[in-house]
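Report on the following structure.
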Amino acid sequence: MFFVVCFDVSDDKKRYRVVKKLKGHCIRVQKSVFECPELTEKQFLKLKAELEKVIDEATDTVRYYRLCKGCISEVEVSGQGEPPDDSNFLAI
């Protein structure tokens with residue numbers, strides 16, 4: 001599956017830990033936005049659980065968006081950056 005993960009974490013140390021975990025699985029496209037093009041459902045759930053251990057649910061937010069193959073080809077980018085690469089996308 002292709003996921004987009006974005007976050008708003010107020011504490012610098014927690015934000016660093018969130019970024020570090022996301023960099024292990026995803027591609028950073030903006031400071032708080034990552035694209036995760038090749039996560040399996042199991043990997044996604046593990047990553048989500050890891051992030052939930054880091055954030056403070058009272059003050060922080062992490063959002064997860066699943067994109068289908070058709071949705072990826074419809075992504076538009078204005079300014080700098082490239083649309084997501086869907087060449088490795090696998091629908092099961």
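The shown structure was predicted, so the numbers you read here are calculated from the model rather than taken from an experiment.
- Residue pairs meeting the side-chain hydrogen bond (donor to acceptor under 3.5 Å, both in side chains) criterion with at least one member in residues 21-30: none, sequence neighbours excluded.
- Annotation: ring pair (Phe, Tyr, Trp, His ring centres under 6.0 Å) contacts involving residues 31-63, sequence neighbours excluded, comprise Phe3-Phe44, Phe44-Tyr64.
- For Gln43, the side chain to side chain donor-acceptor pair (under 3.5 Å) partners at least two apart in sequence or on another chain are Thr40.
- Here the CZ-CD1 distance, from Arg17 to Ile55, works out to 11.5 Å after rounding to the nearest 0.5 Å.
- Interatomic distance, CG of Leu22 versus CZ of Phe7, reported as 6.5 Å (0.5 Å rounding).
- We find the CD-SG distance between Glu38 and Cys26 to be 10.5 Å, quoted to the nearest 0.5 Å.
- Both Leu45 and Leu47 are assigned to one and the same hydrophobic cluster, defined by single-linkage of ILVMFWY side chains at heavy-atom distances under 4.5 Å.
- Partners of Thr61 by side chain to side chain donor-acceptor pair (under 3.5 Å), not counting sequence neighbours: none found.
- Counting non-hydrogen atoms of neighbouring residues, nucleotides and ligands closer than 6.0 angstrom, the CD atom of Gln80 reaches no more than 12 such neighbours.
- Using a 4.0 Å cut-off between charged side-chain N and carboxylate O, Lys20 and Glu50 make no salt bridge.
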Run the numbers on Val54 and Val62 for side chain to side chain contact (heavy atoms under 4.5 Å, CB included), then give the verdict.
CA-CA 11 Å; Val54 174; Val62 180; over 6 Å; no
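- Applying the side chain to side chain donor-acceptor pair (under 3.5 Å) test to Thr59 and every residue at least two apart in sequence or in another chain returns nothing.
- To the nearest 0.5 Å, atoms CG (Asp56) and NZ (Lys14) are separated by 4.5 Å.
- Applying the side chain to side chain donor-acceptor pair (under 3.5 Å) rule to Arg15 yields the partners Asp12; only residues at least two apart in sequence or on another chain are considered.
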